[in-house]
Chemist: 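I'd like to ask some things about the structure below.
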Amino acid sequence: MFIIKCPYCGERDHTEFSYGGEAHIVRPKQPTELSDDQWAEYLFMRKNIKGLQYERWNHSHGCRQWFNVARDTSNDKIHLIYKMGENPPK
Amino acid sequence: MKNKYSIFSLIKNSFTYHENWQRAWRDPEPKKNYDVIIVGGGGHGLATAYYLAKEHNLKNIAVLEKGWIGGGNTGRNTTIIRSNYLWDASAGLYDHALKLWEGLSQELNYNVMFSQRGVMNLAHNLHDVRELKRRTHANRLNGIDCDWLDTKQVKEFCPIINCSPDIRYPVMGSTLQKRAGTARHDAVAWGYARGADSFGVDIIQNCEVTGIKRKGNNIEGVETTKGFIKTTKVGIVAAGHSSVLANMAGIRLPLESKPLQALVSEPIKPIIDTVVMSNAVHAYVSQSDKGELVIGAGTDAYISYTQKGTHEVIEGTLKAILELYPIFSRLKMLRQWGGIVDICPDASPIISKTSINGLYFNCGWGTGGFKATPGSGNLFAYTIAKNEPHKLNAAFNINRFISGDLVDEHGAAAVAH
């Protein structure tokens, strides 16, 4: 159980939000050129990190905006929140 | 050599106040070199080591466990055993396990308290009814026992279920697998540990794997908190931490690890003599031999390794439990816990070789691995020993995510992923 600070609405309980999975997975530019291996990588393979993960959340019971979160999956502590389209922090 | 457990050994040991029982397994230091190393000392890992030693005649085997054996998901699940899955591949896999459960206490000379008390899967809407009837037929075609009960028969079989048509999600029927039931989860880990140990398997606790050493495309050994151990074959059975170990070996898996919660009530007199599951409202309940109600809740929506889980998941489950069983309204819940489950996109497991020679994965059991423990270990041992899958786990290879030949069991998996 944790609090997420929506960049548009401020701090809310995480139950107001929907999880959108690993962030920065880019849809292939030319899907017709992809091999089955590359499709499997894109569709199914995940980092599933124990530690700092970049992920997407949606404020589904609020402003309905998407944004990115850097959260430590070993303790659910949120380190950074940044907007969609922005690059992950180094 | 292990002394056999029997009524006579019980009587004999009672004369010495049960102070002289033989140790069930040794506590060895790791050797420098093993033929096979199993990473993960849960039920699946210990069963794998047991069958490797027993059926494939391998003797130089170690099981490495970072905590204590059976302390992960083996000790955290709700102990439900059933095989009423939809597809042929799953039916083969889970019923293989169920058949092994039926003889397991005798096989291991260890009482795993396997109790075939039946498992019901309730239907709460028209779609549920169609889906569960379809599954009943599919099960029967695969030789798996399964009955369909209408609402009246549900009430007769389990009288405490609220079958009123006025509730929010009325009970419209149920499947019943009579061969299904429960077992004592700790005993399964301990029984396999004792069995494996008697064949000379080294069970090494408090030994965390911190690295997997490769030379080109071959396995050279594992780095652990107790030093480097040489081997050419590594079988990884690490449930929620599978991706962490895959990362050490430099491969990727299609898994997401999430907390799954369960809770138990204070002990009460016998009130429910079967297992009742309900996917639509997400509530399942059985009663342990101690009298506690064992209640399974859902997974959290996000990846986490915290072994906690959130309160609103429990709240949702208990709301459903109270509507289905008003009789439980004054019960106090005693304990709650979470385990980290590794969920595959198609809700089916992976028991497979990998692209690296000598590296094998048994993972992706997600929210329902306990029921498969004996079968999973048995087939994974075969896969490791022969370096090829048994026909029962051929469909559960990791390449199905490339070929697209998925085994979609979201309908039969207990917890909606």
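Letters A, B, ... mirror the listed sequences (proteins, then strands); counts begin at 1.
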Chemist: Quick check for you: among B:Ile303, B:Ile402, B:Thr306, which has the greatest number of heavy-atom pairs under 4.5 Å with chain A?
Modeler: B:Ile303
Chemist: So does A:His59 get a backbone contact from the side chain of A:Gln65, meaning a donor-acceptor N/O pair under 3.5 Å?
Modeler: no
Chemist: Can you find a side-chain donor-acceptor pair between A:Gln53 and A:Thr73 that sits under 3.5 Å?
Modeler: no
Chemist: Report yes or no: do B:Asn387 and B:Tyr360 form a side-chain donor-acceptor pair below 3.5 Å?
Modeler: yes
Chemist: What is the minimum heavy-atom distance between B:Arg400 and B:Cys344, and which atoms define it?
Modeler: NH2-SG, 4.1 Å
Chemist: Out of A:Asp36, A:Ile49, A:Asp76, which one racks up the most heavy-atom pairs below 4.5 Å with chain B?
Modeler: A:Asp76
Chemist: Any donor-acceptor pair under 3.5 Å linking the side-chain atoms of A:Ser35 with those of A:Asp37?
Modeler: no
Chemist: Would you check if the distance from the ring center of A:Phe17 to the ring center of B:Tyr302 is below 6.0 Å?
Modeler: no
Chemist: In this structure, are over 12 heavy atoms from other groups packed under 6.0 Å from B:Lys226 atom NZ?
Modeler: yes
Chemist: Between A:Arg46, A:Arg71, A:His14, A:Lys50, which residue shows the highest count of heavy-atom pairs closer than 4.5 Å to chain B?
Modeler: A:Lys50
Chemist: Which atoms of B:Leu406 come close to chain A, meaning under 4.5 Å heavy atom to heavy atom: side chain ones, backbone ones, both, or neither?
Modeler: side chain
Chemist: Considering heavy atoms only, which positions within residues 350-358 of chain B lie below 4.5 Å of chain A?
Modeler: none
Chemist: If I measure from the heavy atoms of chain B, does A:Tyr19 come under 4.5 Å with its side chain, its backbone, both, or neither?
Modeler: side chain
Chemist: Counting only heavy atoms not in B:Tyr169, do more than 12 sit closer than 6.0 Å to its OH atom?
Modeler: no
Chemist: Using non-hydrogen atoms and a 4.5 Å limit, figure out which bit of B:Leu255 sits close to chain A: side chain, backbone, both or neither.
Modeler: both
Chemist: For the residue pair A:His24 and A:Tyr82, does the interplanar ring angle fall in the parallel (under 30°), tilted (30 to 60°) or perpendicular (over 60°) class?
Modeler: parallel
Chemist: Hey, which residues of residues 307-322 of chain B are touching chain A, say heavy atoms under 4.5 Å apart?
Modeler: B:Thr310, B:His311, B:Glu312
Chemist: Under 3.5 Å, is there a donor on one side chain and an acceptor on the other for B:Thr383 and B:Asn393?
Modeler: yes
Chemist: Would you name the heavy atoms of B:Leu245 and B:Phe361 that are closest together and state the gap between them?
Modeler: C-CZ, 4.4 Å
Chemist: Do you know which of B:Ser243, B:Gly240, B:Ala246 has the most heavy-atom pairs under 4.5 Å to chain A?
Modeler: B:Ser243
Chemist: Shortest non-hydrogen contact from B:Leu86 to B:Ala412?
Modeler: N-CB, 4.2 Å
Chemist: Does any N or O in the side chain of B:Arg76 come within less than 3.5 Å of the main-chain N or O of B:Gly339, such that one atom is a donor and the other an acceptor?
Modeler: no
